[in-house]
**Q** 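Got a structure for you, questions after.
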Protein chains: 2
Amino acid sequence: MPRRRSKPSESTIRRLSLYLRALEGLGEEGESTASSELLAGRVGTTAAQVRKDLSHFGSFGKRGLGYEVAPLQVHLKEILGLHRRWPVVLVGAGRIGSALFEYPHFGARGFEIVAILDRDPAKVGRRWGEVEISPMDELESVVHDRKAELAILTIPWDGAQDVAEALVAAGVRGILNFAPLQLRLPPEIEVNDVNLALEMEALSFALHLGGSQVDGVDARSGEG
Amino acid sequence: MPRRRSKPSESTIRRLSLYLRALEGLGEEGESTASSELLAGRVGTTAAQVRKDLSHFGSFGKRGLGYEVAPLQVHLKEILGLHRRWPVVLVGAGRIGSALFEYPHFGARGFEIVAILDRDPAKVGRRWGEVEISPMDELESVVHDRKAELAILTIPWDGAQDVAEALVAAGVRGILNFAPLQLRLPPEIEVNDVNLALEMEALSFALHLGGSQVDGVDARSGEG
DNA sequence: CGGGCCTTGTGAATCATTTCACAAGACCTG
DNA sequence: CAGGTCTTGTGAAATGATTCACAAGGCCCG
């Protein structure tokens with residue numbers, strides 16, 4: 001197994017997802033091969049970056065030709081672990097939870113929300129499509145029964161830490177966390193934070209700065 | 001004005017947001033000062049990192065004491081551009097748009113959704129709270145009238161590029177983009193992508209790898 | 001008011017990521 | 001099958017970010 005030259009960085013992984021989506025687009029457009037330069041253009045990076053990213057996992061291209069769209073898609077899906085179905089538990093049946101439950105791109109990637117939990121008794125028992133909302137005290141049995149290793153947390157910050165710990169105790173190994181706090185969990189648990197206010201704040205910073213002190217901003221003018 | 005020793009990185013900016021939130025928590029807990037180490041603990045980074053991040057913008061701490069919670073909060077808000085109100089246009093009145101409209105943490109940071117646009121005639125004219133949904137052909141006038149420099153894009157990928165260009169033409173300078181495609185806009189326009197499927201895929205990668213080839217994974221066991 | 005204790009701010013060193021540059025192949029054409 | 005053209009895969013160089021380590025200050029106590 002001659003793969004894995006050096007360990008891929010977090011950013012490499014994230015770009016693999018982008019390459020995968022770009023390849024799907026190219027496939028729909030009828031392209032059967034793609035050069036690293038073409039892929040880079042679609043994803044907003046450089047050709048060298050694409051090649052380096054892919055090289056961490058093997059040699060998928062043909063010199064002089066580029067990469068074949070369909071096979072590379074398969075490879076990327078396998079690398080990312082998307083060749084299988086992932087049962088997911090959604091905790092928090094609020095607005096964001098509801099939006100994510102309907103989010104079509106999850107299903108397209110094998111992520112299937114198989115259970116919904118909420119602490120609000122008024123919501124428990126309702127059905128969203130095929131899935132009935134369960135009370136929080138069924139957390140452990142639900143996670144266990146459905147063999148869910150992934151969870152999405154869309155609850156207010158004040159319950160998040162406890163729920164996260166319960167999820168981990170029940171067998172969850174990866175959490176997509178929308179609660180705006182830093183979860184403290186064992187290091188082997190993978191947590192991805194989505195902090196929407198933070199994203200807006202990053203925009204605010206950039207606009208604020210650009211509006212008031214444009215002087216120091218170079219980069220684009222001096223050539224490359 | 002002796003600020004700005006070197007240019008802060010994107011990651012530094014994002015951590016500033018985290019520090020700000022941590023400081024708010026500390027304030028509520030009654031703390032009046034915070035050391036870089038305490039802040040680092042709350043945010044999941046190192047004390048040196050906190051100090052280096054802050055040092056890009058000035059000297060806010062007192063040696064021997066640490067940082068005063070309330071004043072540092074004010075400084076961070078100013079650095080991030082949060083000392084003012086930001087009118088925001090929301091494009092896409094679907095599930096995600098609805099969730100974001102209700103999202104309490106936006107308002108708490110001065111981001112106010114002042115207009116909603118949707119291409120679906122069935123939605124146009126409805127009210128969400130105080131805001132009525134407008135048709136897409138009012139995009140330019142709405143952005144202009146409300147002086148919105150920020151927009152949130154929660155529409156399907158197939159319309160996103162055109163809408164983004166229209167927003168920019170109307171005066172928008174920053175976009176929070178939920179559409180899973182790479183927007184092609186002038187470089188002075190700030191775009192932050194929130195790609196939810198990608199976040200799940202990053203989790204999937206980590207779990208997939210951890211489950212199948214644990215051998216190469218070191219870091220935690222051997223200590224350092 | 002001097003000594004001890006803390007914690008900042010920051011150059012220097014380390015570590016990580018990205019970019020460069022080019023040899024090694026692969027295909028095509030004649 | 002040789003020569004031309006293209007594009008990969010990859011060490012090496014350049015750039016960027018984080019961590020280290022410590023001098024400079026500030027506070028408190030006696």
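Everything quoted here is computed from the prediction, not taken from an experiment. Chain identifiers are assigned alphabetically (A, B, ...) following the order of the sequence lines, protein sequences preceding nucleic acid strands; residue numbering begins at 1 within each chain.
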**Q** Where each residue is assigned the nucleotide of DNA chain C containing its nearest heavy atom, which of B/Lys52 and A/Gln49 is assigned the position nearer the 5′ end?
**A**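 This one resolves to B/Lys52.
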**Q** Check this one for me: any side-chain N or O of B/Ser36 less than 4.0 Å away from OP1 or OP2 of C/dT8?
**A**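 For B/Ser36, the contact criterion (side-chain N or O under 4.0 Å from OP1 or OP2 of C/dT8) is met.
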**Q** If you take any heavy atom closer than 4.0 Å to DNA chain D, which residues from residues 11-32 of chain B end up in contact?
**A**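 Those residues whose heavy atoms fall under 4.0 Å from DNA chain D, taken from residues 11-32 of chain B in numerical order, are B/Arg15.
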**Q** May I ask you to evaluate whether A/Arg51 reaches the phosphate of D/dT8, defined as a side-chain N or O under 4.0 Å from OP1 or OP2?
**A**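 Indeed, a polar side-chain atom of A/Arg51 lies that close.
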**Q** Give me the ring orientation class for A/His83 and B/His208: parallel if the planes are under 30° apart, tilted from 30 to 60°, perpendicular past 60°.
**A**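 Ring orientation of A/His83 relative to B/His208: perpendicular.
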**Q** Sort by first number and list every stem of DNA chain C: at least 3 consecutive Watson-Crick or G-U wobble pairs, both distances under 3.5 Å.
**A**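 Stems found: C:1-30 with D:1-30.
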**Q** For B/Phe106 and B/Phe111, take the angle between the two ring planes, folded into 0 to 90°, and tell me which bin it lands in: parallel under 30, tilted 30 to 60, perpendicular over 60.
**A**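 Answer is perpendicular, since the angle exceeds 60°.
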**Q** Roughly, in whole Å, what's the span from NE2 in B/His56 to P in C/dT8?
**A**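 Those two atoms, NE2 and P, are 16 Å apart.
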**Q** In whole Å, what is the span from the CG atom of B/Leu39 to the C1' atom of C/dG9?
**A**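 In whole Å, C/dG9 C1' lies 15 Å from B/Leu39 CG.
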**Q** Using modelled atom types and a 3.5 Å cut-off, is there a donor and acceptor pairing between side-chain atoms of A/Thr154 and backbone atoms of A/Ile96?
**A**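 No, because the side chain of A/Thr154 does not come within donor-acceptor range (under 3.5 Å) of the backbone of A/Ile96.
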**Q** Are the side chain of A/Ser17 and the backbone of B/Glu201 linked by a donor-acceptor contact shorter than 3.5 Å?
**A**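 Such a contact is absent between A/Ser17 side chain and B/Glu201 backbone.
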**Q** Residues two or more places apart in sequence or in another chain: which of them pass ring pair (Phe, Tyr, Trp, His ring centres under 6.0 Å) with B/His144?
**A**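 Per chain and number, B/His144 pairs via ring pair (Phe, Tyr, Trp, His ring centres under 6.0 Å) with no residue.
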**Q** What is the distance from CD of A/Glu37 to P of D/dT8, rounded to the nearest Å?
**A**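 Roughly 9 Å, once rounded to whole Å.
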**Q** Would A/Glu188 and A/Arg173 count as a salt bridge (Lys or Arg N to Asp or Glu O under 4.0 Å) if you check the C-alpha gap in whole Å, the side-chain angles of each, and the deciding distance to 0.1 Å?
**A** CA-CA 8 Å; A/Glu188 69 272 18; A/Arg173 297 196 293 136; over 6 Å; no
**Q** If I take atom CG in residue B/Leu38 and atom C1' in nucleotide C/dT8, what distance separates them, rounded to the nearest angstrom?
**A**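 For the pair B/Leu38 CG and C/dT8 C1', the rounded distance is 15 Å.
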**Q** Measure the distance from CG on A/Leu72 to P on D/dT8 and round it to the nearest whole Å.
**A**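 Nearest whole value for this atom pair: 11 Å.
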**Q** In whole Å, I'd like the distance from the CD atom of B/Glu68 to the P atom of C/dC6.
**A**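 Rounding to the nearest Å, CD of B/Glu68 and P of C/dC6 are 20 Å apart.
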**Q** Could you check how far CG of B/Leu54 sits from C1' of C/dT10, rounded to whole Å?
**A**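 My rounded result for the distance is 13 Å.
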**Q** Rounded to whole Å, how long is the line connecting atom CZ of A/Phe60 with atom C1' of D/dT7?
**A**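 Atom CZ in A/Phe60 sits about 17 Å away from atom C1' in D/dT7.
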**Q** Output side-chain donor-acceptor pairs under 3.5 Å for residues 19-28 of chain B, partner residues at least two apart or in another chain, one line each.
**A**
residue : atom : partner  : partner atom : Å
B/Tyr19 : OH   : B/Asp53  : OD2          : 2.6
B/Glu24 : OE1  : B/Arg109 : NH2          : 3.2
B/Glu24 : OE2  : B/Arg109 : NH1          : 2.9
B/Glu24 : OE2  : B/Arg109 : NH2          : 3.1

**Q** Show, in sequence, the C-alpha distance, side-chain angles and deciding distance for B/Arg51 and B/Glu37, and conclude whether the salt bridge (Lys or Arg N to Asp or Glu O under 4.0 Å) test is met.
**A** CA-CA 9 Å; B/Arg51 297 200 298 273; B/Glu37 194 174 357; over 6 Å; no
**Q** Determine, stepwise, if the pair B/Leu176 / B/Phe178 fulfils side-chain contact (heavy atoms from CB on, under 4.5 Å).
**A** CA-CA 7 Å; B/Leu176 186 61; B/Phe178 286 77; 3.7 Å; yes
**Q** Report all side-chain donor-acceptor pairs from residues 63-71 of chain A shorter than 3.5 Å, counting only partners two or more places apart or in another chain.
**A**
residue : atom : partner : partner atom : Å
A/Glu68 : OE2  : A/Lys62 : NZ           : 3.0

**Q** For salt bridge (Lys or Arg N to Asp or Glu O under 4.0 Å), just list the numbers for A/Glu165 and A/Arg184, CA-CA rounded to whole Å, side-chain angles, deciding distance to a tenth of an Å, and then say yes or no.
**A** CA-CA 9 Å; A/Glu165 285 171 15; A/Arg184 310 216 125 266; over 6 Å; no
**Q** For each nucleotide in nucleotides 24-30 of chain C, reading 5' to 3', give B when a protein heavy atom comes within less than 4.0 Å of its base, S when such contact involves only the sugar-phosphate, and - otherwise.
**A** BBS----
**Q** Side-chain N or O of B/Tyr67 less than 4.0 angstrom from OP1 or OP2 on C/dG9?
**A**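 True: B/Tyr67 side-chain N/O within range (under 4.0 Å) of C/dG9 OP1/OP2.
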**Q** For B/Ser98 and A/Arg95, does a side-chain donor sit closer than 3.5 Å to a side-chain acceptor?
**A**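 Per modelled atom types, B/Ser98 and A/Arg95 side chains form a pair under 3.5 Å.
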**Q** So, does A/Thr46 get its side chain near the phosphate of C/dT19, meaning an N or O under 4.0 Å from OP1 or OP2?
**A**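 It does, given that an N or O in the side chain of A/Thr46 lies less than 4.0 Å from OP1 or OP2 of C/dT19.
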